[in-house]
Amino acid sequence: MLFKYKNDYEKIAMGFLSFVPDLKEVSHVQAELALYTSDEQRNLYLWRNEAGDFAGVVGIELGADYILVRHISLNPSERSDENYFTMLDDLAALYPESRVMGSLETAPLIAKWEQHQNTEMD
């Protein structure tokens, strides 16, 4: 389940964002987090696993009829296609009128998720 980022979750969110290759430095993580909190077109969500623990984060940018997944990160022990797909399913459910799209970094995962969705429907 996704939870919209709040300042109370700052350290948790920074930890998950630090797993993103481009955000290894604390200053980069802080700058990215500042963008998510100041830009109305950007939202950051924390994801809780079935045990109720925060296990990942997804950062998006809202477009007119799409959602651009800028960052998606899971705790190393939680990394699996199933968990990534669950996060993306939850995201798509939050924005049912919008198409989920990926940035250069997240596009391969989004494509894999879309393919998985299509095979489930067949």
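Below, all heavy atoms of this structure are taken into account, side chains as well, without hydrogens, waters or symmetry copies.
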*State whether Tyr84 and Arg79 meet the cation-pi test: NZ (Lys) or CZ (Arg) under 6.0 Å from the six-membered ring centroid, and within 45° of the perpendicular axis.*
no
_Taking side-chain contact (heavy atoms from CB on, under 4.5 Å) as the criterion, tell me which of His71, His28, Gln30 meets it with Leu17._
His71
*Hey, could you give me the OG1/CE distance between Thr86 and Met1, rounded to the nearest 0.5 Å?*
12.0 Å
*Rounded distance (nearest 0.5 Å) linking atom CZ of Phe85 with atom NE2 of His116*: 5.5 Å
_Where at least one partner belongs to residues 5-26, residue pairs that pass side-chain hydrogen bond (donor to acceptor under 3.5 Å, both in side chains), sequence neighbours excluded_ = none
*Single-linkage hydrophobic cluster, 4.5 Å side-chain cutoff, Leu35 and Leu44 together*: no
*Do the side chains of Ile67 and Met101 join up, straight or via other hydrophobic residues, at under 4.5 Å, putting them in one cluster?*
no
*asked:* Does Tyr45 form a side-chain contact (heavy atoms from CB on, under 4.5 Å) with Met87? I'd like the steps, not just the answer.
replied: CA-CA 10 Å; Tyr45 293 94; Met87 287 176 77; over 6 Å; no
_Residue pair Ala13 / Leu46: nearest heavy atoms and the distance that separates them_ = N-CD2, 4.3 Å
*Quick one: CD on Gln115 to CD1 on Ile110, what's the gap to the nearest 0.5 Å?*
13.5 Å
_Worked verdict on Asn83 versus Asn49 for side-chain contact (heavy atoms from CB on, under 4.5 Å)_ = CA-CA 8 Å; Asn83 284 339; Asn49 61 17; 5.8 Å; no
_Shortest non-hydrogen contact between Leu109 and Leu88, atoms and distance_ = CG-CD1, 4.2 Å
*asked:* If I take atom CG from residue Asn75 and atom CH2 from residue Trp47, how far apart are they, to the nearest 0.5 angstrom?
replied: 10.0 Å
_If you compare all heavy atoms of Met14 against all heavy atoms of Leu33, which two are closest, and at what distance to 0.1 Å?_
CG-CD2, 3.5 Å
*Do the side chains of Leu74 and Leu94 join up, straight or via other hydrophobic residues, at under 4.5 Å, putting them in one cluster?*
yes
*Mind checking the CG-CZ spacing from Asp90 to Arg48? Nearest 0.5 Å is all I need.*
13.0 Å
_Evaluation steps, side chain to side chain donor-acceptor pair (under 3.5 Å), between Ser103 and Glu105_ = CA-CA 5 Å; Ser103 64; Glu105 292 80 19; 3.2 Å; yes
_Short side-chain donor-acceptor distance under 3.5 Å, Asp81 and Trp113_ = no
Acceptor/donor pairs from residues 50-64 side chains to any protein atom, 3.5 angstrom cut, sequence neighbours excluded:
residue, atom, partner, partner atom, Å
Glu61, OE1, Arg70, NE, 2.6
Glu61, OE1, Arg70, NH2, 2.8

*When clusters are formed by joining ILVMFWY residues with side-chain heavy atoms under 4.5 Å apart, either directly or through shared neighbours, do Phe19 and Ile12 land in the same one?*
yes
*Measure from the side-chain N and O atoms of Thr106 to the backbone N and O of Val69, and report whether any donor-acceptor pair falls under 3.5 Å.*
yes
*Would you kindly confirm whether Phe3 and Leu91 end up in one hydrophobic cluster when ILVMFWY residues are joined by side chain heavy atoms under 4.5 Å apart?*
no
_Between Val20 and Ser73, is there a side-chain heavy-atom distance shorter than 4.5 Å?_
yes
